[in-house]
Amino acid sequence: MSNSAAAAVLTIADLPEAIRAVRTLLGMADIGQAEVDFEAVIRSPDVLAQVRHVLPDLEWWASAGKEHGSSEAGDNPADCIPIRVFDWGRPLDRAMPFIAALGPDAAAVRWDLDAWPAVPEAGLEAISQKYAYLTLTVNSRDLYQDEPSQDHTIHVHVRDLDGDQIARVHWLADQVGGRFTGRVELAPL
């Protein structure tokens, strides 16, 4: 399994502003065949009901462990809260309804892009689909919902932080008024 480097480029308390920044970055990416993935920790029955309305076939398991309840076992997720939710390969139009359904709960929404295109004027070559991802962590600073917070962070993914890859991170951060702070997480692909 390979990893990408997920570089935090913008942390902001205003969710509509974070979404605006995501839309700006998506506007720069090649998204013809793009998909979106979801991970969340759901802590309330109300949020669960809203999320299940958006994504009815959720895969989930109890935060305490699968032996305490899971979708595989056919358990009722409302009886097992808090739960960890995973949903992969969804159409892009599911992202914003999912984010709206979250309320205060923590999640990561990852757009699997076709590519980060070349930016000749900035000296950047295209980055293929294998390393072209964009993640918005909602109510969390990290990709795995281990650091709940009142703000939201945008991460851009690249193969590694060498040469033109780090230049891409800085360039993308500049496009949304953010800045790369050096915070990077490895994300399995």
Side-chain angles (χ1 to χ4, degrees), residues 1-40 54-55 86-102 106-145 147 149 151-189:
M1 178 185 292
S2 61
N3 291 313
S4 67
V9 296
L10 180 67
T11 297
I12 189 167
D14 185 346
L15 184 56
E17 278 299 304
I19 291 169
R20 181 198 59 73
V22 164
R23 286 188 170 132
T24 297
L25 294 170
L26 289 174
M28 296 172 194
D30 178 351
I31 59 170
Q33 303 293 315
E35 298 177 332
V36 67
D37 302 328
F38 306 100
E39 293 184 24
V54 175
L55 301 169
F86 297 88
D87 207 0
W88 307 98
R90 294 296 184 161
L92 296 186
D93 67 358
R94 298 288 80 213
M96 295 310 155
F98 176 79
I99 292 167
L102 288 170
V109 179
R110 185 179 79 185
W111 287 264
D112 302 348
L113 311 172
D114 294 340
W116 289 117
V119 184
E121 65 273 18
L124 301 175
E125 295 180 7
I127 295 178
S128 74
Q129 176 272 332
K130 182 169 182 178
Y131 296 104
Y133 298 93
L134 172 66
T135 300
L136 171 63
T137 57
V138 179
N139 301 314
S140 176
R141 292 236 172 134
D142 70 305
L143 299 177
Y144 307 102
Q145 301 85 55
E147 294 178 51
S149 79
D151 51 27
H152 321 287
T153 300
I154 294 172
H155 309 260
V156 296
H157 297 243
V158 293
R159 182 176 58 250
D160 52 48
L161 294 176
D162 294 337
D164 67 336
Q165 303 287 309
I166 189 72
R168 166 84 57 183
V169 168
H170 285 288
W171 186 84
L172 288 167
D174 288 346
Q175 305 313 301
V176 294
R179 118 187 136 74
F180 175 49
T181 61
R183 182 179 172 141
V184 176
E185 292 180 74
L186 285 182
L189 300 177

Distance from [X] atom [atom1] to [Y] atom [atom2], nearest 0.5 Å?
X: Ile99; Y: Ile19; atom1: CD1; atom2: CD1; value: 5.0 Å
X: Asp14; Y: Asp151; atom1: CG; atom2: CG; value: 11.0 Å
X: Glu185; Y: Asp142; atom1: CD; atom2: CG; value: 5.0 Å
X: Leu172; Y: Trp116; atom1: CG; atom2: CH2; value: 5.0 Å
X: Thr137; Y: Leu143; atom1: OG1; atom2: CG; value: 7.0 Å
X: His152; Y: Leu10; atom1: NE2; atom2: CG; value: 10.5 Å

Closest approach of [X] to [Y] (non-hydrogen atoms, all atoms of both residues):
X: Val54; Y: Ala101; result: CG2-CB, 4.3 Å
X: Phe180; Y: Ala8; result: CD1-O, 3.5 Å
X: Ala95; Y: Val109; result: CB-CG1, 4.2 Å
X: Glu35; Y: Gly89; result: OE1-CA, 3.4 Å
X: Phe38; Y: Phe98; result: CD2-CD2, 3.2 Å
X: Asp114; Y: Gly32; result: OD2-N, 2.9 Å

Among Leu92, Val36, Leu134, find the one that has a side-chain contact (heavy atoms from CB on, under 4.5 Å) with Ile31. Leu92

In this structure, are over 12 heavy atoms from other groups packed under 6.0 Å from Arg183 atom CZ? yes

Gln33 atom CD, neighbour heavy-atom count above 12 within 6.0 Å: no

Contacts of type salt bridge (charged side-chain N to carboxylate O under 4.0 Å, His left out), residue Arg20, not counting sequence neighbours: Glu17

Contacts of Asp112 meeting salt bridge (charged side-chain N to carboxylate O under 4.0 Å, His left out) (sequence neighbours excluded), chain-then-number -> Arg110

Validation row: Leu26, Leu113 side chains within 4.5 angstrom (heavy atoms): yes

